[in-house]
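Report on the following structure.
Chain letters run A, B, ... following the sequence lines, proteins first and then strands; every chain starts at 1.
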There are 2 protein chains.
Amino acid sequence: MNFPIGELSKRTGVKVPTIRFYEQIGLMPEPSRTESNQRRYGKAEADRLNFIRHSRELGFEVEDIRALLAMTAAPQASCHQVDSIARSHLLEIDRRIASLTALKGELTRMVDECGHGRICDCRIIEALADHSHCSAEH
Amino acid sequence: MNFPIGELSKRTGVKVPTIRFYEQIGLMPEPSRTESNQRRYGKAEADRLNFIRHSRELGFEVEDIRALLAMTAAPQASCHQVDSIARSHLLEIDRRIASLTALKGELTRMVDECGHGRICDCRIIEALADHSHCSAEH
DNA sequence: CTTGATGCTCTAGCGGCTAGAGGGATTAGC
DNA sequence: GCTAATCCCTCTAGCCGCTAGAGCATCAAG
């Protein structure tokens, strides 16, 4: 219940330098220190760091996480804003999927048309050189 | 046929500072200069820059583009390597789409379960705090 | 001849870490 | 009690692919 940073790292799967980085940017609070200046953590910090890690894994940006953490500090407030952050993140993910899917279409077409001959005849190179060959916008 | 950097920017849709950046990292060659030290470009440079822009739009990394450009300089060589770069990029895109789709599933589930009440009851916050609620790995 | 757009170089910043230098502290085994 | 391995500390710099800004020179149009 009063462990060093390496132990916090093991419990959460977040690397030690990353924990210090989170402290630096204010995502994690400054912990208490031993007499010899080493950081000591408890369960609260492990919970908070797990929350951060999980949010990052789900693709939330640090600023979103900062906002989400601030909201957990006001548990009686409405979760409307939480919902709004999550929904806009979901929209962003949809956009990214759509964009990547379009790219995948173009690339697949390019690779399929490659005759595996000489570079001067290569359809991939040709397609890269000329956007007007593309079927969709990007 | 001998135009300044702003004109090259307009023709290709690549911003002026980005063109200079590409020159700095060696993607674009050092162009000729006027007596007053201004860059002058021709059609060859515009073609090359279009190739770069289009490749970037399709998500190729700078190092990939460097390799692709080197290959176009040897037009008699086999396009095997071109194909290989494009295919591995395609695999990378597949991986990203799969990962984003998994995230989307988690997030959708979280948002759907949110009762729009108080933060202390919010399923989104709860789900972010505890990875074990997740249905899939990420 | 002036004005405003464009050009130049150089440096620093973004996000989200990661790596390394150069130390001090702790711990396990003998 | 000593030694060696492993931790911990701070600080700085680097990654990618740009983007922004300072502070100045040059150019084209009216």
Side-chain angles (χ1 to χ4, degrees), chain A residues 2-28 30-41 45 48-69 85 89 92-93 96 99 103 138, chain B residues 2-28 30-42 45 48-69 89 92-93 96 99 103 138:
Chain A
N2 201 20
F3 41 86
I5 197 167
E7 173 68 20
L8 180 63
S9 172
K10 266 178 212 146
R11 291 192 188 196
T12 58
V14 178
K15 287 178 190 164
V16 168
T18 304
I19 297 174
R20 290 198 274 245
F21 169 74
Y22 285 160
E23 181 182 330
Q24 199 183 309
I25 63 173
L27 264 197
M28 287 293 289
E30 293 190 13
S32 59
R33 304 261 185 157
T34 65
E35 288 195 352
S36 59
N37 202 32
Q38 299 202 349
R39 292 168 176 84
R40 283 302 116 108
Y41 297 95
E45 284 92 346
R48 187 180 177 101
L49 190 49
N50 271 323
F51 184 97
I52 295 170
R53 186 197 52 137
H54 197 196
S55 303
R56 287 289 305 133
E57 282 173 358
L58 290 174
F60 285 95
E61 293 169 15
V62 163
E63 285 316 302
D64 288 338
I65 300 174
R66 210 185 286 278
L68 290 170
L69 283 167
I85 290 177
H89 182 48
E92 175 60 29
I93 287 179
R96 279 193 234 166
S99 160
L103 291 197
H138 49 251
Chain B
N2 201 20
F3 41 85
I5 197 167
E7 173 68 19
L8 181 63
S9 172
K10 266 176 212 148
R11 291 193 188 196
T12 58
V14 179
K15 287 177 190 165
V16 168
T18 305
I19 297 173
R20 290 198 273 248
F21 169 74
Y22 285 161
E23 181 183 329
Q24 199 183 309
I25 64 171
L27 264 196
M28 287 294 288
E30 293 189 14
S32 59
R33 302 264 184 156
T34 66
E35 286 195 353
S36 62
N37 202 33
Q38 298 201 349
R39 293 168 176 84
R40 283 302 116 109
Y41 297 96
E45 283 93 346
R48 188 183 176 99
L49 190 50
N50 271 324
F51 183 98
I52 294 169
R53 187 197 52 135
H54 197 196
S55 303
R56 288 290 303 135
E57 282 173 359
L58 289 172
F60 284 95
E61 293 170 15
V62 164
E63 285 315 302
D64 288 339
I65 300 173
R66 210 186 286 279
L68 290 169
L69 283 168
H89 182 48
E92 175 60 29
I93 287 179
R96 281 192 234 167
S99 161
L103 291 197
H138 45 254

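The closest side-chain heavy-atom distance from B:Thr12 to B:Ile52 is not below 4.5 Å. Considering only heavy atoms from C-beta on, B:Arg11 comes within 4.5 Å of B:Phe3 through its side chain. Taking the side chain as every heavy atom from C-beta outward, A:Arg39 and A:Arg33 approach each other to under 4.5 Å.
The separation between A:Arg33 atom CZ and D:dC9 atom P is 6 Å, rounded to whole Å. Taking atom CZ on A:Arg66 and atom C1' on C:dG16, their separation rounds to 12 Å, with Å as the unit. In this structure, B:Glu63 atom CD and D:dC18 atom P are separated by 12 Å, rounded to whole Å. Regarding B:Met28, its CE atom lies at a distance of 13 Å from the P atom of D:dC18, rounded to whole Å. Between A:Ile65 atom CD1 and C:dG15 atom P the separation is 13 Å, expressed in whole Å. The CD1-P distance, from A:Ile25 to C:dG16, rounds to 8 Å in whole Å. Rounded to whole angstrom, the span from the CG atom of A:Leu8 across to the P atom of D:dC7 amounts to 15 Å. Separating the CD atom of A:Glu57 from the P atom of C:dC17 is a distance of 11 Å, rounded to the nearest angstrom.
Remark: B:Glu63 engages B:Arg66 in a salt bridge, criterion side-chain N to carboxylate O under 4.0 Å.
Across D:dC18, D:dC8, C:dG7, the shortest atom-to-atom separation from the side chain of B:Thr18 is found for D:dC18. Here the side chain of A:Ile5 is nearest to one of C:dG16, D:dC9, D:dC18, namely D:dC9.
Phosphate proximity of D:dC18 to B:Tyr22: present, with a side-chain N or O under 4.0 Å from OP1 or OP2. A:Arg56 has a side-chain polar atom (N or O) that falls below the 4.0 Å cut-off from OP1 or OP2 of C:dC17.
Where B:Lys10 and B:Gln24 each meet DNA chain C at their nearest nucleotide, the meeting point lying more 5' is that of B:Lys10. Both B:Phe60 and A:Arg39 lie close to DNA chain D; mapped to their nearest nucleotides by heavy-atom distance, the more 5′-ward contact belongs to A:Arg39.
Residue contacts shown for B:Arg20 include a base, since a base heavy atom lies under 4.0 Å away.
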Collect all protein-nucleotide pairs involving nucleotides 26-28 of chain D in which both atoms are nitrogen or oxygen and the distance is under 3.5 Å.
| unit_1 | atom_1 | unit_2 | atom_2 | d |
| --- | --- | --- | --- | --- |
| D:dT26 | O3' | B:Ser36 | OG | 3.3 |
| D:dC27 | OP1 | B:Ser36 | OG | 2.6 |

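The backbone N or O of B:Phe51 lies less than 3.5 Å from a partner atom in the side chain of B:Ser55, making a donor-acceptor pair. For A:His89 (side chain) and A:Leu58 (main-chain N/O), a donor-acceptor pair under 3.5 Å exists by modelled atom type.
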For the pair A:Tyr22 and A:Arg48, evaluate side-chain contact (heavy atoms from CB on, under 4.5 Å) and give the outcome as yes or no after the intermediate values.
CA-CA 11 Å; A:Tyr22 285 160; A:Arg48 187 180 177 101; over 6 Å; no

